[in-house]
Every structure is written in C-alpha cells, then in structure tokens.
Amino acid sequence: MGNIDMSQLEINQTYTAKQLASLWGYKSHHALVKGVFHPKNTDILILFVTKHRQPGSTQFKNELRGNMIKIEGADKHGTDQLLQKNLEHPTDRIYLFYREKHTLPFTFLGKVHLIQSWIHTDTSSEFEFFIENFESIEDDMALLDYIVHYDENTSISLDVMCQSAKNLTYHLKCERDIGNREQVIRLLGTNCAICGFNFARTYGKDIAKDFIDIHYIGSSASGTKPDLSKDFIPVCANCHRMLHKKRSHNIDHNELKKRVDYYKQESDYEQLRFEFES
C-alpha cells in the first residue's frame, strides 16, 4: 500500500500518473487515475479529472470555471455514495488533479470542497466543487473576483466562503440560463434598469438587438424556481459589474440606481461616497 503525502506536491505544478505512483509507493499507476481515488485507511479522496478522454472511452462532461469545477460521476454510480457522504458530512480531505486532454500530465489544483450535487439514476450524477487554491487557472471574472477578494476580508472563515460560493454559483446559473434571459427580455425589455442605457439605440440593431445582461435579485436558495418577472432586472455590463462590486454581497439595485441618478446631476463626480437614506 502506498504512502500518500499531499504536502510533497506543489499547487499548479504538473505530474504524470507514473510520477505520482512512484512518489506514493505504488507499483502501478492505473489504480490512481480512475476518477475518484480513495487510498485505504486514509481520510483522503483524490479526484483525477480529464476533460477530453482518449477515443473509445466514456466521455464525461467536466467543466472548470474559475474556482469552481463541475464533474460527472462514474457511469455505473460506483462513487456517488462516497461523494454524497462527504457533502452531507464532510470527513475526508478532497484533492484535485486536472488535465484538458488524456495525453497531458495532470495539474495539481490542491484542496477542493464539494458544495453541490445532483444524483441521477438513469444518467451520470453531477458534483460541483469549490477550489480552495485561489490562483485559478481560468478567469471567470465575476466568480474569480468574488472568491479572490471577498471584500478584502482575509479573516473570513472557509465555511462562510464555501457557502457564499454556493450562493454565487446558483446566482450566476440563474443569470446565465439562456431561457431565463430570453423571457426576462420579453417581459422587461432591453433598457438597463439602473442607468437606462440601451445597446441597440447606441450601436444599432444590426449588431446590438436584444443585447443586455440580466441580473438576479431574487433569493439565493438553491433549488427554487425564480419568478422571471420579479427576480430579474435587465442591466448593462457596466452596471452589472458595479452590482457585484462588493463581492461578499451584491449591492442593492435600488441603491445603485439612486447613485446613478444623483451623480448625473452632481458635478463633483470625484466625490468618494454619498450616504443615501435607508
């Protein structure tokens, strides 16, 4: 049996399966790379995730975005119970190795935390993890800003950060849903609800028709179905970035609209802050 010591590894460095087997004292590397590896008599789970597996192998939908990764479980559901147990009662330390293609070595991304799961019986189950390593290898602007800076509060607990990541995941999922966006535009139009900007009016309908973001203002309770007429507002990209500026929480859209209305009339645009009545 091998001796697993994760402290020997360096985050964001690459390792082949053979290198890891040699490092950990295993005779063969094949047992290490079967998706979810649980070394005997340890509290460690190791994920070996390959986005594009070799031809002829089962291809799983694995998506890495910023500090989040969503993976599909084994098609025979052999690891579902093991992962689900760690979502309900986190007892194991989970580490992630990731590679884009089967011909590449794995990049060690460090410790991850399971924050959400979708258990299926007829298809592969899905699991979403938060990567504790803040130097993400992909740049998803909204999510990366939120996790990395987190209101510049370095004393925030990891439990709170993981819960916030879970809330933000649901928030972004609602905003990025194509069906939600189409319905919100149909119901509320394409004028920014904060500043009134309209892309088509400025750039022309030929390239900017129906071009607008949507911002989720409803509850962050995962699993609830949003009310398309009440839980969203159309916003331009600038206002959308400002709404997410606080990172630890979204700025209230009504407060931001007050700021826009005020500074349109105020000549001293360099004034640092303006206290609105609550």
Side-chain angles (χ1 to χ4, degrees), residues 33-38 43-53 57-100 106 109-133 136-138 140 142-144 146-147 158-184 214-228 231-232:
V33 292
K34 293 184 177 180
V36 180
F37 176 54
H38 190 190
D43 63 348
I44 293 175
L45 290 178
I46 303 177
L47 308 179
F48 288 95
V49 178
T50 302
K51 186 171 183 178
H52 301 292
R53 304 181 76 198
S57 300
T58 302
Q59 300 296 324
F60 296 107
K61 295 179 181 178
N62 300 320
E63 182 181 13
L64 178 66
R65 291 188 64 83
N67 287 69
M68 312 296 293
I69 186 167
K70 186 175 182 180
I71 68 172
E72 284 190 332
D75 49 2
K76 294 183 179 180
H77 303 276
T79 57
D80 287 7
Q81 186 175 0
L82 182 62
L83 290 173
Q84 186 66 16
K85 181 188 71 173
N86 277 275
L87 175 62
E88 298 167 354
H89 304 286
T91 56
D92 293 319
R93 292 171 291 154
I94 308 176
Y95 296 90
L96 172 64
F97 289 86
Y98 178 84
R99 62 183 177 182
E100 284 286 313
F106 288 95
L109 296 184
K111 197 172 182 181
V112 299
H113 302 267
L114 180 59
I115 62 172
Q116 197 164 189
S117 69
W118 297 265
I119 304 298
H120 308 301
T121 55
D122 54 341
T123 60
S124 296
S125 297
E126 300 169 279
F127 302 91
E128 194 160 38
F129 298 85
F130 165 55
I131 303 171
E132 186 175 318
N133 165 37
S136 172
I137 65 174
E138 282 196 3
D140 180 325
L143 188 56
L144 189 58
Y146 190 92
I147 299 301
L158 185 59
D159 288 342
V160 171
M161 194 176 292
C162 286
Q163 181 59 46
S164 297
K166 183 187 294 186
N167 292 342
L168 182 63
T169 299
Y170 178 71
H171 177 106
L172 295 179
K173 186 180 298 182
C174 288
E175 291 187 354
R176 291 170 178 170
D177 186 288
I178 295 175
N180 286 348
R181 183 177 176 276
E182 290 178 347
Q183 290 299 313
V184 171
I214 61 171
H215 178 64
Y216 183 65
I217 59 174
S219 168
S220 293
S222 180
T224 60
K225 188 174 181 179
D227 185 327
L228 297 175
D231 290 344
F232 295 90

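In this chain, residues are counted from 1 in sequence order. For the numbers below, each heavy atom of this structure counts, side chains included, while hydrogens, waters and symmetry mates do not.
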dist D227:CG -> I217:CD1 (nearest 0.5 Å) comes out at 10.0 Å
Check: H113 and I94 side chains under 4.5 Å, non-hydrogen atoms | no
What pairs with N180 under side-chain hydrogen bond (donor to acceptor under 3.5 Å, both in side chains), at least two apart in sequence or on another chain?
-> none
Starting at CD of E182, measure out to CG of L228 and round the result to the nearest 0.5 Å.
-> 11.0 Å
Could you tell me the separation between the CG atom of L96 and the CD1 atom of I69, rounded to the nearest 0.5 Å?
-> 5.0 Å
For residues T50 and F106, determine if any side-chain heavy atom of one lies less than 4.5 Å from a side-chain heavy atom of the other.
-> yes
For K70, the option from E63, E128, E126 that meets salt bridge (Lys or Arg N to Asp or Glu O under 4.0 Å) | E126
Measure the shortest side-chain to side-chain distance between F127 and I119 over non-hydrogen atoms and say whether it is less than 4.5 angstrom.
-> yes
Just how far is it from atom NZ of K111 to atom CD1 of I131, taken to the nearest 0.5 Å?
-> 14.0 Å
By salt bridge (charged side-chain N to carboxylate O under 4.0 Å, His left out), K85 pairs with (sequence neighbours left out) none
Calculate, to the nearest 0.5 Å, the distance between atoms CG and CG belonging to D92 and L45 respectively.
-> 4.5 Å
Name all residues meeting the ring pair (Phe, Tyr, Trp, His ring centres under 6.0 Å) criterion together with F129; count only those two or more places apart in sequence or in a different chain, and write none if there are none.
-> none
Those residues that, when tested against Q84, pass side-chain hydrogen bond (donor to acceptor under 3.5 Å, both in side chains) (two or more places apart) | E88, S117
Non-hydrogen side-chain atoms of R181 and F232 separated by less than 4.5 Å = no
Here the pair of heavy atoms bringing H120 nearest to S125 is N-OG, 3.0 Å
Mind checking whether F48 and F37 have parallel, tilted or perpendicular rings, split at 30° and 60°?
-> tilted
